[in-house]
Amino acid sequence: MKILCVCGLGQGTSLILRMNVENVLAGMGIQADVEHTDVSTASGSAADYIVTSNELAQSLGNHQAKILIVNNYFDTNEIKQKFEEVL
């Protein structure tokens, strides 16, 4: 399973999100290839899931991946809940 964590520039925020997604998935016993990137790169990249904000999700609406919208990138409980809903 491949997961992209997406922010506007693909730098700090998406890296923080990636680390939190990795921690949540590890706690759930799920192995995945998790990467962080910017919205432009994500739109052309293959993935099973994209984790991002509501604003950026609109730019990725045509992507084949399932998009998980997270309001607080630091809230591991919210991230876990989003994955529990789709896995």
Item to check | Atom CD of Gln64 with >12 non-hydrogen neighbours under 6.0 angstrom | outcome: no
Next on the checklist: Counting C-beta onward and ignoring hydrogens, is there a side-chain heavy-atom pair between Ile67 and Thr52 closer than 4.5 Å?
Outcome noted: yes
Checklist entry - Between Ala47 and Ala65, what is the shortest heavy-atom contact and its length? => result O-CB, 3.3 Å
Next on the checklist: Looking at Glu84, I want to see if its CD is surrounded by more than 12 non-hydrogen atoms of other residues, nucleotides or ligands under 6.0 Å.
Outcome noted: yes
Next on the checklist: With a 3.5 Å distance limit and no angle check, can you tell me whether His63 reaches the backbone of Ala42 through a side-chain donor-acceptor pair?
Outcome noted: yes
Checklist entry - Of all heavy-atom pairs between Cys5 and Ser14, which one has the smallest distance, and what is that distance? => result O-CB, 3.4 Å
Next on the checklist: So, taking the atom named CG in Asn20 and the one named NZ in Lys80, what distance separates them when rounded to the nearest 0.5 Å?
Outcome noted: 13.5 Å
Item to check | Asp48 side chain vs Lys2 backbone, donor-acceptor pair below 3.5 Å | outcome: yes
Item to check | Side chain Ser45, main chain Thr41, donor-acceptor under 3.5 Å | outcome: yes
Checklist entry - Looking only at atom types and distance, does a side-chain atom of Glu78 sit under 3.5 Å from a main-chain N or O of Asn72, one as donor and one as acceptor? => result yes
Checklist entry - Do you reckon Leu68 sits in the same ILVMFWY cluster as Leu4, going by side-chain contacts under 4.5 Å, direct or chained? => result no
Checklist entry - Between Ser43 (side chain) and Ser40 (backbone), is there a donor-acceptor pair under 3.5 Å? => result yes
Checklist entry - Do the side chains of Val70 and Met28 join up, straight or via other hydrophobic residues, at under 4.5 Å, putting them in one cluster? => result yes
Checklist entry - Hey, are Arg18 and Glu35 close enough for a salt bridge, meaning a charged N less than 4.0 Å from a carboxylate O? => result no
Checklist entry - So if you build clusters from Ile, Leu, Val, Met, Phe, Trp, Tyr with side-chain heavy-atom gaps below 4.5 Å, do Leu9 and Tyr73 land together? => result no
Next on the checklist: Quick check: do Phe83 and Val51 have side-chain heavy atoms less than 4.5 Å from each other?
Outcome noted: yes
Checklist entry - If you look at every heavy atom in Leu56 and Gly8, which pair is closest and at what distance? => result CD1-N, 3.5 Å
Checklist entry - Less than 4.5 Å apart, any side-chain heavy atom of Ile69 and any of Ser53? => result no
Item to check | Pairwise side-chain contact, Leu25 with Met1, heavy-atom cut-off 4.5 Å (strictly under) | outcome: no
Checklist entry - Side-chain heavy atoms under 4.5 angstrom apart, residues restricted to Ile, Leu, Val, Met, Phe, Trp, Tyr: same cluster for Val34 and Ile50? => result no
Item to check | Euclidean distance, Ile79 CD1 relative to Lys82 NZ, rounded to 0.5 Å | outcome: 10.5 Å
Checklist entry - Does Tyr49 reach the side chain of Leu87, with side-chain heavy atoms less than 4.5 Å apart? => result yes
Next on the checklist: On a heavy-atom basis, which atom in Val6 and which in Leu17 lie closest, and how many Å separate them?
Outcome noted: N-CD2, 4.3 Å
